[in-house]
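Note sheet for the following structure.
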Amino acid sequence: MTEVRTGLGWDTHRIAPNRALILGGVTIPSEFGLEGHSDADILSHAVTDALLGAAGLGDIGMHFPDTDPRWKGASSDRFLAHAVALVRQRGFTIVNIDSTVILERPKLKDHRAAIRQTLARTLGLDAERVSVKFKTAERVGPVGEGKSAEAQAIATIQRSPAEHGGV
Ligand code: C5P
Ligand code: MG
C-alpha cells in the first residue's frame with residue numbers, strides 16, 4: 001500500500017538593510033533584505049524543513065549547522081537540493097508543496113510565477129505542484145511592524161512498496 005506522509009516547516013529571519021531579499025531562490029527587488037548566516041531564504045528553509053520532517057530526517061540545522069563556516073552565505077538552493085536527495089534516497093517521491101510567506105512589504109504577488117518555477121526546478125517537480133502564497137501580518141506584531149518575515153510550508157511525499165524494496 002502506498003505510504004503518504006506530510007511534513008511541516010517554518011522559518012523566520014529579521015529584516016535588515018543592505019541585505020538581499022531572496023525567497024525561494026529568487027532575488028526580489030527591495031530596499032531591505034533578511035539577516036542570516038546563510039542567504040536567509042526563509043521560504044527555501046521552510047520547504048527544506050517540511051521535506052526533512054515528512055521523511056523523519058530531523059531539521060535543517062542538524063544537516064547544515066549555522067556554526068559551520070562551510071555554510072556561511074550559502075545559497076539555500078543547496079540545502080533544499082540536499083533535502084530532496086535524502087528524501088529520494090529513502091524511496092519517496094514528492095507529491096506537492098504548499099507554502100505561505102508572511103511579509104508586510106514589498107508586494108510579492110508579481111514574483112509568484114518565478115518563485116514557483118525556481119523552487120519547482122530544485123524540487124524536480126512541475127510548478128503546478130508547488131504552491132506559494134503571500135500574506136501581510138496586518139501591521140501587527142514583529143512581522144507587521146516590518147522587523148521580520150516568516151515562511152510556512154507543508155510537504156506531502158509518498159512511497160509505494162515497490163519503490164523501497166518491495167517491503
Ligand atoms: O495580508 P493580506 O490578506 O492583506 O494580503 C492580501 C493579498 O496580497 C495576498 O493574498 C497576496 O496575494 C498579496 N500579498 C503580496 N505580498 C505581500 C503580502 C500580500 O503580494 N507581501
Ligand atoms: Mg532560515
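Start at 1 and go down the list; that is how both ligands and their atoms are numbered. Hydrogens, waters and symmetry mates play no part in the numbers below; they use all other heavy atoms, side chains included.
- Ranking protein heavy atoms by distance to atom 3 (O) of ligand 1, first place goes to Lys135 NZ, 2.6 Å.
- Within the 3.5 Å criterion, the main-chain N or O of Glu35 finds a donor-acceptor partner in the side chain of His13.
- A distance-only check finds a donor-acceptor pair linking the side chain of Arg116 to the backbone of Val130 [under 3.5 Å].
- Atom 16 (N) of ligand 1 has Leu108 N, 2.9 Å as its closest protein atom, hydrogens excluded (heavy atom only).
- Not close to ligand 1: Ala137, with no non-hydrogen atom less than 4.0 angstrom away.
- Ranking protein heavy atoms by distance to atom 10 (O) of ligand 1, first place goes to Phe134 O, 3.6 Å.
- The nearest heavy-atom contact from the protein to atom 17 (C) of ligand 1 is Leu103 O, 3.7 Å.
- Between Ile28 and Ile115 there is a side-chain heavy-atom pair separated by less than 4.5 Å.
- In the model, Asp98 has a side-chain atom that pairs as donor or acceptor with a side-chain atom of Ser131 under 3.5 Å.
- Residues Ser76 and His45 have side chains that bring a donor and an acceptor to within less than 3.5 angstrom of each other.
- Look at Glu138 and you'll find a heavy atom under 4.0 Å from some atom of ligand 1.
- The option from Lys107, His111, Arg112 that lies nearest to atom 12 (O) of ligand 1, judged by heavy atoms, is Arg112.
- Among the atoms of Arg105, none of the N or O lies under 3.5 angstrom from an N or O of ligand 1.
- Residues Glu145 and Glu104 fail the side-chain proximity criterion, which asks for heavy atoms closer than 4.5 Å.
- For atom 6 (C) of ligand 1, no protein non-hydrogen atom is found at a distance below 4.0 Å.
- Using modelled atom types and a 3.5 Å distance limit, the side chains of Lys133 and Thr100 yield a donor-acceptor pair.
- In this structure, the protein non-hydrogen atom closest to atom 20 (O) of ligand 1 is Lys109 N, 3.0 Å.
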